[in-house]
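So that the names make sense, note that chain A is the first sequence line, chain B the second, and so on, each numbered from 1. What's counted below: heavy atoms across the whole structure, side chains too, no hydrogens, waters or symmetry copies.
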Protein chains: 2
Amino acid sequence: MSDNDCRATLMTIATPLFAQKGFHGVSVRELAKAADMNLSMISYYFGGKEALYTAVLNEQFATLGQVAEIKSLALDPLGKFERYIHSTVERYRKNPYLLRFYTSELTNPTPSFELIVKPAIGRVLLVLHQIFTEGVAAGQFRRELDPMDTILALAGMINFYFLLEPVTKELVNHAPERDEVLVKHLMDIFTRGVAVSIDS
Amino acid sequence: MSDNDCRATLMTIATPLFAQKGFHGVSVRELAKAADMNLSMISYYFGGKEALYTAVLNEQFATLGQVAEIKSLALDPLGKFERYIHSTVERYRKNPYLLRFYTSELTNPTPSFELIVKPAIGRVLLVLHQIFTEGVAAGQFRRELDPMDTILALAGMINFYFLLEPVTKELVNHAPERDEVLVKHLMDIFTRGVAVSIDS
DNA sequence: GTCTATATTGCGATAGAC
DNA sequence: GTCTATCGCAATATAGAC
């Protein structure tokens, strides 16, 4: 197996294990066994368990970079927010373990939190904040709204929906076929919530 | 020290440690040292590390029981939702570690998830669902809204706000003095988002 | 590059003295 | 009830053979 195959295999195998059990919940023995490799390969290819975890986390959070591209799309602010929600759903579908790393690092931070997670989330919030400011300037959103409270509310709606999946599995249909409907519902609530009223 | 003092001390000391580092991130030696006790006291009083964790988790999630009381208050549905948001903020203030156990169990579940966490959250969602249904029947909320999507959006706004605190510490004022304003902002967005329009 | 074997440290739990 | 001492095992990491 080539260098790169081994590294990639280890990361692919490690991703769901770290995501589901947390950094301290997985041992190098378990990782090596799952990847069908000798446990010394983790040190050989990455330098240790923590370095493997950092590599996985970096890969996961790199996908958040797409959010910045929304800023420069040819859409009005509401359209950009819809794109944010839509792309967030899509990202969680393509990347079923991202949210677990996200919340795990927020709740039980490792040294990677300050280096990787916090800056990545910060950049997303910055983009959302800029979109909101744009919408206020365009007279689309109510001026009296607090920008940060508002964009955190938007981000909370969609992220919490996925975070609660282990609890709501039997209560709501989490099939990807319903994603478009979900996006529509959340945008419906958010749009009416923040838009300037017709009679003002 | 009496039986009950020892048990209570251990739980008080264990709560922030388990919350910040996760179950696997804390050792019985660390717990005993922090509580200034011999490590064998954990087994003596609780039967082991896992039983101590379960006791802490039980205590934490018992506070969610208050939500059920909202259902029978003499308030209209919107007033009950405001009470839910308000009491959630208050609960996180009084209980700074609850949200960490909440998300930690959702992300990296222990055996306690099915026994304690999932039922407790399920009961909260049930109450919110009932309040929403009540509001639809009263003609206060739009019929076309999906009840589950809507209440998850509401819960997401407030819970995600606190979950992101480690990232937004420098961006938003997290002082309790601003809590009332935050509740007002979120209710403002939610109310306009779900209420039946004036002209219909 | 991949293996075995092992060094070292830490873990949770408990037996038994007091 | 509280202590010390220790058991048995698992952890990460690495030295060295091939």
message: Less than 3.5 Å apart, any donor N or O on the side chain of B/Gln20 or B/Arg100 sitting next to an acceptor on the other?
response: no
With sequence neighbours excluded, residues passing side-chain hydrogen bond (donor to acceptor under 3.5 Å, both in side chains) with B/Gln140: B/Asp76
message: One character per nucleotide, please: for nucleotides 3-18 of chain C, 5' to 3', B when the base has a protein heavy atom closer than 4.0 Å, S when only the sugar-phosphate does, - otherwise.
response: BB------BBBB----
field: Within the 6.0 Å centroid threshold, strictly below: A/Tyr161 and A/His174
entry: yes
query: Does the gap between the ring centers of A/Phe190 and A/Phe81 come in under 6.0 Å?
result: yes
B/Asn159 and B/Tyr102: side chain donor to acceptor below 3.5 Å: no
